[in-house]
Amino acid sequence: MTERLYLYDTTLRDGQQTQGVQFSTAEKLRIAAALDGLGLDHVEGGWPGANPTDSAFFDEVPGMRAMLVAFGMTKRAGRSAANDEVLAGVMNAGTPSVCLVGKSHEFHVRTALGISLEENVENIRASIAHLVSQGREALFDAEHFFDGYKSDPAYALDCLRAALKAGARWIVLCDTNGGTLPDEIARAVREVIAAGIPGARLGIHTHNDTENAVAGSLAAVLAGARQIQGTLNGLGERCGNANLTSLIPTLLLKEPYASRFQTGVSLEALEGLTKVSRMLDDILNRVPWKQAPYVGSSAFAHKAGLHASAILKDPTTYEHIDPGEVGNRRVIPMSNQAGQSNLRRRLAEAGLEVAVGDPALARILDRIKARESEGYSYDTAQASFELLARDELGLMAEFFEVKRYRVTVERRKNKYDKMVSLSEAVVVVKVDGEKRQSVSESMDASGMDRGPVNALWQALVKDLGQYSAVLADMGLVDFKVRITQGGTEAVTRVIIDSQDGQGRRWSTVGVSANIVDASFEALLDAVRWKLIRDAV
């Protein structure tokens with residue numbers, strides 16, 4: 001018989017404490033809907049009253065299957081719970097569940113709060129009792145619990161007992177500083193349960209300062225805790241919180257968790273995990289971390305020829321799960337380490353069937369190795385690899401021909417007497433049997449300079465005849481530059497990531513001694529790959 005394990009997401013609050021992250025109300029609503037669709041049990045929306053965005057979120061959030069949670073802190077000393085305006089602001093959000101953070105480390109009580117240990121325990125008790133009296137589900141986040149438990153276990157337990165006796169549904173043990181290791185967490189959880197706090201009412205909240213947040217959460221579960229708190233993509237203050245995109249598939253697909261526990265996330269919903277992870281990165285305008293477990297674009301990438309050969313025979317030789325279970329996909333990158341089995345698999349994924357022993361395979365490999373010696377890299381530029389292979393196989397369509405291009409960069413004072421830069425690009429192409437010239441500037445509608453590469457991109461796609469409509473939903477999302485040689489023989493490699501309205505994302509590479517020329521080569525590959533996919 002399986003036990004119920006509850007998943008609590010705090011992306012909208014803890015995640016917003018990530019340096020450089022600030023959600024709008026609309027973004028918070030979109031993230032909350034995605035979390036609800038996954039099947040999370042609790043979604044913490046933020047701290048109502050702490051800022052206008054959080055308050056607006058609670059005013060606008062629609063009905064959810066998940067339990068919506070408002071976050072706040074226990075009442076302050078010297079006033080009753082009913083007369084604490086900060087606590088009242090949290091209660092006024094009207095959520096069915098409220099989570100209050102309170103101190104459980106005697107050092108913090110004396111140093112940060114400046115009150116007696118007894119006053120702090122009473123503040124916890126009174127605050128939780130107030131929530132329960134108003135018909136709310138109450139959670140108590142025991143801040144700095146593990147550090148407090150090491151310092152004064154009796155006092156840390158007194159804080160937990162006060163919340164439990166007042167009616168808290170969940171007592172959450174927080175590793176606030178992120179320095180407690182998994183074995184320490186497991187030992188403390190077992191001792192807390194032995195001291196009379198039921199495991200069925202214990203939660204775990206870990207931070208990733210030692211890269212152990214996921215491991216610590218799993219250790220707490222095996223020790224008896226039945227709620228896990230975390231964030232999407234491991235967002236959070238400093239090094240982040242426990243990463244739910246790693247925890248959820250581990251709980252559903254790995255033993256002993258898969259057969260021992262049941263969560264609100266179904267196997268069908270799990271297939272949307274990669275999409276949700278990348279949606280969050282898109283909202284944050286971040287490039288997804290390729291090496292992220294389960295959901296990263298490199299999580300199931302097999303570069304070595306030996307690995308790829310085995311994958312062809314049985315994917316389980318080098319994959320711990322089927323990538324489709326989390327909505328991800330297998331990638332066979334191309335590089336100078338590739339063998340023919342690797343190459344044929346990658347060609348097949350691109351829709352190019354080449355027979356074993358076809359002489360073209362050796363030619364493609366030779367060409368890849370020669371170009372990588374010049375500075376190209378195809379293990380990360382899959383779209384450019386496909387174009388190279390098509391060219392060698394005689395399957396490359398000629399949509400248009402670039403006759404010439406020119407880019408100028410000017411720095412001048414604007415009407416506000418401030419120095420600004422401006423780029424202008426001219427591209428001449430031959431398409432549909434005629435030459436066409438397009439001109440574009442780098443300045444966007446808001447008056448911001450987007451640089452020479454953006455100007456080139458705008459000029460290139462401005463007038464490509466019958467192909468312009470196909471490219472309308474395409475955009476550039478990332479631009480990476482690397483100098484592959486030093487000194488006077490420096491060579492620049494540019495990798496461009498593109499995406500379109502169908503959710504496809506592809507990478508292309510360009511190499512030249514001139515960064516603009518390398519960028520233009522990568523741009524051309526990006527456009528041609530899109531046209532092959534949609535126009536042929």
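Bear in mind the structure is a predicted one, so any value in this text is a computation, not a measurement.
Put simply, the side chain of Asp500 gets close to the backbone of Arg504: a donor and an acceptor are under 3.5 Å apart. Using modelled atom types, no side-chain atom of Ser127 and backbone atom of Thr74 make a donor-acceptor pair closer than 3.5 Å. At distances below 3.5 Å, not a single donor-acceptor pair connects side-chain atoms of Ser384 with backbone N or O atoms of Ala381. Side-chain N or O atoms of Arg201 include one that pairs as donor or acceptor with a backbone N or O of Ala168 at under 3.5 Å. Side chain of Asn177 to main chain of Gly179: no donor-acceptor pair is present (N/O by atom type, distance under 3.5 Å, no hydrogens or angles). A distance-only check finds no donor-acceptor pair linking the side chain of Arg169 to the backbone of Leu139 [under 3.5 Å]. Side chain of Ser266 to backbone of Ala269: a donor-acceptor contact under 3.5 angstrom is found. Side chain of Arg136 to backbone of Met91: a donor-acceptor contact under 3.5 angstrom is found. Of the possible polar contacts, none joining the Tyr257 side chain to the Leu252 backbone as a donor-acceptor pair under 3.5 Å is found. With hydrogens and angles disregarded, no donor-acceptor distance shorter than 3.5 Å links the side chain of Thr245 to the backbone of Leu232.
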- With side-chain hydrogen bond (donor to acceptor under 3.5 Å, both in side chains) as the test, would you mind laying out the steps for Gln229 and His42 before giving the verdict? CA-CA 9 Å; Gln229 297 195 356; His42 291 80; over 6 Å; no

- Item | Steps toward side chain to side chain contact (heavy atoms under 4.5 Å, CB included) verdict (Glu325, Leu253) | CA-CA 9 Å; Glu325 292 181 293; Leu253 303 174; 3.7 Å; yes

- Report the C-alpha distance between Ser104 and Glu143 in whole Å, list the side-chain angles of each, state the deciding distance to 0.1 Å, and finish with yes or no for side-chain hydrogen bond (donor to acceptor under 3.5 Å, both in side chains). CA-CA 6 Å; Ser104 59; Glu143 189 181 28; over 6 Å; no

- Task: Apply side chain to side chain contact (heavy atoms under 4.5 Å, CB included) to Leu29 and Thr25, showing your working.
- Result: CA-CA 6 Å; Leu29 291 169; Thr25 299; 4.2 Å; yes

- Would you please test Lys103 and Asp141 for salt bridge (charged side-chain N to carboxylate O under 4.0 Å, His left out) and show each step? CA-CA 8 Å; Lys103 306 292 186 185; Asp141 266 12; over 6 Å; no

- Would you please test Lys150 and Glu184 for salt bridge (charged side-chain N to carboxylate O under 4.0 Å, His left out) and show each step? CA-CA 10 Å; Lys150 293 176 191 176; Glu184 297 177 292; 3.3 Å; yes

- Check step by step if side-chain hydrogen bond (donor to acceptor under 3.5 Å, both in side chains) holds for Thr206 and Asp175. CA-CA 5 Å; Thr206 57; Asp175 183 28; over 6 Å; no

- Task: Dump the intermediate steps for side chain to side chain contact (heavy atoms under 4.5 Å, CB included) on Arg125 and Lys165, then the final yes or no.
- Result: CA-CA 8 Å; Arg125 185 208 63 77; Lys165 290 178 181 178; over 6 Å; no

- Message: Test side chain to side chain contact (heavy atoms under 4.5 Å, CB included) on Leu68 and Thr95; report intermediate values, then the result.
- Response: CA-CA 6 Å; Leu68 185 62; Thr95 58; 4.0 Å; yes

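For the residue pair Tyr378 and Glu372, no side-chain donor N or O sits within less than 3.5 Å of a side-chain acceptor on the partner. Inspection of the Asn83 and Ser80 side chains reveals an N or O donor paired with an N or O acceptor under 3.5 Å. In this model, no donor atom of one side chain and acceptor atom of the other lie less than 3.5 Å apart for Thr231 and Asp14. Under 3.5 Å, the side chains of Trp529 and Glu386 contain a donor-acceptor pair of N or O atoms. Between Lys75 and Asn123, the side chains place a donor N or O and an acceptor N or O closer than 3.5 Å (distance only, hydrogens not considered). His320 and Lys254 share a donor-acceptor pair across their side chains, judged by distance under 3.5 Å alone.
A cation-pi arrangement is not found for Arg330 relative to Phe300, the charged atom failing to lie both closer than 6.0 Å to the ring centre and inside a 45° cone about the ring normal. Judged by the 6.0 Å distance and 45° axis criteria, Lys28 is positioned over the aromatic ring of Phe57.
Looking only at side-chain heavy atoms (C-beta outward), Met67 and Tyr8 stay at 4.5 Å or farther from each other.
Taken from OG1 in Thr2 to CZ in Phe261, the straight-line distance is 9.5 Å, to the nearest 0.5 Å. With values rounded to the nearest 0.5 angstrom, Glu237 atom CD is found 5.0 Å from Gln17 atom CD. The structure places CG of Asp54 at 10.5 Å from CZ of Phe23, a figure rounded to the nearest 0.5 Å. Remark: Thr263 OG1 to Leu247 CG distance equals 11.0 Å, nearest 0.5 Å. Atom CG of residue Asn208 and atom OG of residue Ser217 lie 9.0 Å apart, to the nearest 0.5 angstrom. Of the inter-residue distances, the one linking Cys174 atom SG with Phe145 atom CZ reads 10.0 Å to the nearest 0.5 angstrom.
For Tyr6 and Trp170, the gap between ring centers is short of 6.0 Å.
For the side-chain hydrogen bond (donor to acceptor under 3.5 Å, both in side chains) with Tyr294, the qualifying choice from Thr250, Asn328, Asn243 is Thr250, the only one to do so. For the side-chain hydrogen bond (donor to acceptor under 3.5 Å, both in side chains) criterion with Asp41, the lone passing option out of Gln227, Arg65, Arg4 is Arg4.
Summarising the local packing, CD of Glu85 is surrounded by more than 12 heavy atoms from other residues, nucleotides or ligands at distances under 6.0 Å. Counting non-hydrogen atoms of neighbouring residues, nucleotides and ligands closer than 6.0 angstrom, the CZ atom of Arg482 reaches no more than 12 such neighbours.
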Name the atoms and distances for all side-chain donor-acceptor pairs under 3.5 Å in residues 271-280, with sequence neighbours left out.
from	atom 1	to	atom 2	distance (Å)
Thr274	OG1	Val326	O	2.6
Ser277	OG	Asn233	OD1	2.6
Arg278	NH2	Val295	O	3.0

Considering only distance and modelled atom types, tabulate donor-acceptor pairs under 3.5 Å from the side chains of residues 186-196, sequence neighbours left out.
from	atom 1	to	atom 2	distance (Å)
Glu191	OE1	Tyr149	OH	2.7

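Salt bridge status for Asp84 with Arg76: present, with a side-chain N to carboxylate O gap under 4.0 Å.
Taking every heavy atom of both residues into account, Ser55 and Pro48 meet most closely at OG-C, 4.0 Å.
Evaluation of the ring pair (Phe, Tyr, Trp, His ring centres under 6.0 Å) test over residues 198-233, restricted to residues two or more places apart or in two chains, returns His205-His207.
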